[in-house]
Amino acid sequence: MSAIKTISSTPFSDQKPGTSGLRKKVTVFQREHYLENFVQSIFDSLEGFTGETLVVGGDGRYYNDVAVHTILKMAAANGFGRVLVGQSGLLSTPAASCIIRKYNAFGGIILSASHNPGGPDGDFGIKYNIGNGGPAPEKYTEAMFQRSKEINTYKILDAENIDLNAQGRYTLGDMLVEVIDPVTDYAELMEELFDFPKLKSMFRSGSFSMCFDAMHAITGPYAKQILEEQLGAPEGTVINGVPLPDFGGGHPDPNLAYAKELVETMNGISAPDFGAASDGDGDRNMVLGKRFFVTPSDSLAIMAANAHRIKGYKKGITGIARSMPTSAAADRVAERLGINSFETPTGWKFFGNLLDAGQCTLCGEESFGTGSDHVREKDGLWAVLFWMNIIAERHQSVEEIVTEHWKSYGRNVYSRHDYDAVDATVAGDIIDNLRSRFVSLMGHGFGAYCIEKADDFSYTDPIDKSVSKNQGIRILFTDGSRIIFRLSGTGTEGATVRIYLEKFEPNEALQNIDAQEALADLIDIAEELSGLKAKSGRSGPTVIT
Ligand code: G16
């Protein structure tokens, strides 16, 4: 009989969850009691889970295995009845969401720092998802933070580690542990939503080729099974398909800067028809055509405009939600379809209530995230299959699909400039300074541009009426162009300042212009307003997407 031990510890002051859970350097999580304190703070903030089911899994990054064993023993000591855990402790974020929903679990703990680098000197993260499968809303994360500041003991079972490498049923104290295949449930859901026979015949006929870059992260096994085994894509379609604890030394963020191998392939002379990548935990996606990049904002709009062609969405979509910094391209589609459109703060947790209430079907963010009501997380491979399905239905190239969309709706030219690891005080001062000038900025002209309004985005959730303030500085121009300044909530080093730039181009003749060129004036205005380069001593952004 294993004993439950109560261990004394002292609180840490820095366990405040950010945009998506608690993310810190691995070395921080390795501090004595650090992980345990936070896990106990999660459990102490929840009610009514005795005997219930918890889902546990992570993206396989360094420290995943250690953390999973600790969480299992703490779940047993705290009274959970059953844990479903992915084999080897692996679950992609969307798969975890799918499994929580499918098996009516009480909630889930996902171990990931998403797109942040991994390894002993990299990042680690932990987040709690509620019973709808989605990230815990702010009232939960705030309760966890408050608890973490006062916690002085945690409970853990004194037991041997169970073997997570073999599927099967085990017991830990009174708790049942089921080690499950991480891919099966997710793959079944994808087959319900998309026309697998059609995708299969597209590969079989040789009329379609693709490259999927799993970036040595969690989607490797998912993409290999679904694309290569189930849909018959040639072996080698999935590159970097073996998950590694340090992502092979790479930065598992599917964007033009970090998905280098894929970008080179898609820019080559013999580029396949379609390119895609997903991130560390499998919830982000990047979509590319031959020598053609689809911005995540456009991707959401195009998916919405084509949803009626896709098996799982034929009945129609009720609405589209996007995060505030995401371009307004999706709003134009919602308007034409006569359906709801929502503008929420950054963070997938803000979509949960809208999805649960049936107010929207598709959601998306400029940060390479798209998803729907099939789970309550953004979903990388789902978005890739959605695009493949659009291509199968329309028999057009990615570029043709995007440019036709622009022709029909106009183009929201868009770009994001990131300044990573800026001194946190400097970054905070820049934001405070902008905030203090809202009134004087209104009516201010910069060449052809005139500021109509400047504010700090605030959101009232239409369902539970909760209010989230200070969600990003918006500089809105009279012609509909926007510059947004925001501090990232997912970085672990200094502050990451994000500048989001957007301009609407209705004129077809001007739509094929390079985004940086089209946005050059707004880029200059952003510097004039913020003095970011001058104050941070940087010559330019770390990453442009
Ligand atoms: C997380 C959130 C997203 C958010 C993104 C960027 O993504 O789930 O909703 O858009 O962070 O946040 P920030 O701009 O604050 O860094 P992920 O993929 O890291 O879980």
Side-chain angles (χ1 to χ4, degrees), residues 16-24 58-59 61 92-94 96-97 110-118 122-129 133-138 141 215 217-219 247 251-255 258 277-286 296-297 299-300 321-327 343-352 354-355 363-371 375-383 416-422 427 431 457 459 468 470-473 484-500 541-543 545:
K16 186 174 173 59
T19 312
S20 183
L22 184 68
R23 287 190 194 166
K24 300 280 175 195
D59 63 11
R61 67 177 58 226
S92 77
T93 292
S97 184
I110 302 176
L111 302 166
S112 168
S114 188
H115 55 290
N116 298 13
D123 292 346
F124 190 72
I126 172 166
K127 70 171 182 164
Y128 180 73
N129 280 29
E138 276 185 338
T141 52
M215 304 187 88
I218 190 70
T219 37
F247 308 115
H251 194 137
D253 198 355
N255 61 35
Y258 296 128
S278 191
D279 70 330
D281 63 335
D283 57 3
R284 296 186 174 206
N285 75 90
M286 174 170 70
S297 295
S299 177
L300 171 66
R322 63 166 173 89
S323 67
M324 181 274 285
T326 303
S327 94
E343 183 178 43
T344 64
T346 295
W348 206 262
K349 59 190 171 209
F350 293 102
F351 295 136
L354 298 171
L355 290 165
C363 309
E365 295 187 286
E366 49 66 39
S367 54
F368 295 84
T370 351
V375 290
R376 292 294 182 273
E377 288 279 2
K378 55 189 184 280
D379 190 343
L381 200 46
W382 166 88
R416 185 176 101 182
H417 290 196
D418 291 343
Y419 289 75
D420 286 346
V422 174
I431 298 291
F457 182 61
Y459 176 69
S468 303
N470 303 329
Q471 297 295 323
I473 306 292
I484 315 289
F485 296 90
R486 211 188 129 257
L487 298 183
S488 156
T490 57
T492 56
E493 216 180 314
T496 296
V497 184
R498 304 204 195 283
I499 304 179
Y500 310 83
T542 323
V543 179
T545 47

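Both counts, for ligands and for their atoms, begin at 1 and track the order of listing. The figures here come from the full heavy-atom set of this structure, side chains too, leaving out hydrogens, waters and symmetry mates.
- When hydrogens are left out, the protein atom nearest atom 11 (O) of ligand 1 is T490 CG2, 3.3 Å; that is the closest non-hydrogen contact.
- Of the N or O atoms in S488, one or more lie within a sub-3.5 Å distance of an N or O in ligand 1.
- Around atom 7 (O) of ligand 1, the closest heavy atom drawn from K378, R23, H115 belongs to K378.
- Distances from atom 5 (C) of ligand 1 to the heavy atoms of R498, R284, K127 put R284 nearest.
- Taking a cut-off of under 4.0 Å to the non-hydrogen atoms of R486, the atoms of ligand 1 that pass are 13 (P), 14 (O), 15 (O).
- Listed by number with element, the atoms of ligand 1 under 4.0 angstrom from any heavy atom of E365 are 3 (C), 4 (C), 9 (O), 10 (O).
- Between E343 and R322 there is a salt bridge, with a side-chain nitrogen of the basic residue lying less than 4.0 Å from a carboxylate oxygen of the acidic one.
- When each of R284, K127, K349 is checked for a salt bridge (Lys or Arg N to Asp or Glu O under 4.0 Å) with E377, only K127 meets the rule.
- Close approach of ligand 1 to S367 (heavy-atom distance below 4.0 Å) involves ligand atoms 4 (C), 5 (C), 10 (O).
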Salt bridge (Lys or Arg N to Asp or Glu O under 4.0 Å) evaluation trace for E366 with R498: CA-CA 11 Å; E366 49 66 39; R498 304 204 195 283; 5.7 Å; no
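- For D379 (side chain) and A383 (main-chain N/O), no donor-acceptor pair under 3.5 Å exists by modelled atom type.
- Here is the list of ligand 1 atoms found below 4.0 Å of a heavy atom in G347: 9 (O).
- Ligand-side atoms of ligand 1 in range of G489: 13 (P), 15 (O), 16 (O), range being under 4.0 angstrom from any heavy atom.
- The minimum heavy-atom distance between S112 and D59, with the atom names listed, is OG-OD2, 2.9 Å.
- Listed by atom number, the atoms of ligand 1 under 4.0 Å from S114 heavy atoms are 17 (P), 18 (O), 19 (O), 20 (O).
- Note that the CG atom of L300 and the NZ atom of K378 stand 13.0 Å from one another [nearest 0.5 Å].
- Here the shortest heavy-atom pairing between F368 and P254 reads CD2-O, 3.3 Å.
- The distance from ligand 1 to the heavy atoms of T346 drops below 4.0 Å at these ligand atoms: 4 (C), 10 (O), 12 (O).
- Contacts between D281 and ligand 1, counted as non-hydrogen atom pairs separated by less than 4.0 Å, are absent for every part of the residue.
- Between F350 and Y459, the angle of the ring planes goes over 60°, which puts this pair in the perpendicular group of the 30/60° scheme.
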